[in-house]
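Below you'll find the structure, written out as structure tokens, and then a few comments.
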Amino acid sequence: MSTTPYLLVRLGESVAALPASAVRRVVRGARLHPLPGAGPGLVGLAEFAGEPLAVLDLAQLLGQERRGARPAVTVVTWLGSGSDRELVGLGVDDAIEVAELDAAALALGQALVGGRPVVVVDTERLGVEA
């Protein structure tokens with residue numbers, strides 16, 4: 001059985017898995033600057049490696065209800081594929097651990113980790129409308 005490493009993140013009461021190969025860094029307490037008139041999924045801008053970084057609410061991108069609190073953790077990751085790939089921040093409540101998920105779970109878009117359901121995020125296809 002083939003496995004792939006994924007970063008597990010907490011979104012309120014739910015857990016999502018991001019491909020570890022796409023994650024550049026996990027930043028706790030990043031300084032976020034809100035943008036007036038920004039779309040609902042855009043939390044704000046942060047600085048990463050001296051460049052502005054759009055920080056998006058992962059829960060909202062996954063169709064969950066918008067949370068009022070600013071995210072405690074920003075996961076800097078690649079979204080998209082090929083020439084459309086873009087470095088963004090994903091706002092989450094916490095980064096939990098790296099877990100190995102099997103290929104069958106990845107095909108279903110959902111996995112069980114420690115008996116708990118986890119949403120497997122496809123960062124190449126995740127729609128970004130900020």
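Shown here are the side-chain hydrogen bond (donor to acceptor under 3.5 Å, both in side chains) partners of Ser14, two or more places apart in sequence or in another chain: Gln64. Applying the side-chain hydrogen bond (donor to acceptor under 3.5 Å, both in side chains) criterion to Arg28, with sequence neighbours excluded, gives Asp94. For Glu100, the side-chain hydrogen bond (donor to acceptor under 3.5 Å, both in side chains) criterion is met by Thr3, not counting sequence neighbours. By the side-chain contact (heavy atoms from CB on, under 4.5 Å) test, Ile96 pairs with Leu8, Arg10, Val15, sequence neighbours left out.
Heavy atoms only, all atoms of each residue included: Leu32 and Pro34 are closest at O-CD, 3.7 Å. The two residues Pro117 and Gln110 make their nearest non-hydrogen contact at CB-NE2, 4.1 Å. Closest approach of Gly91 to Pro71, counting heavy atoms only: CA-CB, 3.5 Å. Nearest heavy-atom pair across Ala95 and Val9 is CA-CG1, 4.2 Å. Thr74 and Gly89 get closest at one heavy-atom pair: CG2-CA, 3.7 Å. A pairwise comparison of heavy atoms in Ala99 and Val113 identifies CB-CG1, 4.4 Å as the closest pair.
Residue pairs meeting the side chain to side chain donor-acceptor pair (under 3.5 Å) criterion with at least one member in residues 31-52, sequence neighbours excluded, do not occur.
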Give the C-alpha distance, both sets of side-chain angles, the deciding distance and a yes or no for side chain to side chain contact (heavy atoms under 4.5 Å, CB included) between Val26 and Val73. CA-CA 7 Å; Val26 174; Val73 175; 3.6 Å; yes

Stepwise side chain to side chain contact (heavy atoms under 4.5 Å, CB included) check, Leu18 with Val75: CA-CA 9 Å; Leu18 298 167; Val75 177; 3.9 Å; yes

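When hydrophobic side chains of Ile, Leu, Val, Met, Phe, Trp and Tyr are connected at separations under 4.5 Å, Leu87 ends up clustered with Val27, Phe48, Leu53, Val76, Trp78.
Between the CG atom in Leu79 and the CZ atom in Arg125 there is a gap of 13.5 Å [rounded to 0.5 Å]. Atom OG1 of residue Thr123 and atom CG of residue Leu90 lie 9.0 Å apart, to the nearest 0.5 angstrom.
With a 6.0 Å radius and a threshold of 12 heavy atoms from other residues, nucleotides or ligands, Glu97 has its CD atom above the threshold.
Contact of the Leu56 side chain with the Val43 side chain is not registered, since no non-hydrogen atoms from C-beta on lie closer than 4.5 Å. Side-chain atoms of Leu42 and Val55, non-hydrogen and from C-beta on, never get closer than 4.5 Å to each other. Annotation: side chain of Tyr6 is in contact with side chain of Val120 (closest heavy-atom distance under 4.5 Å).
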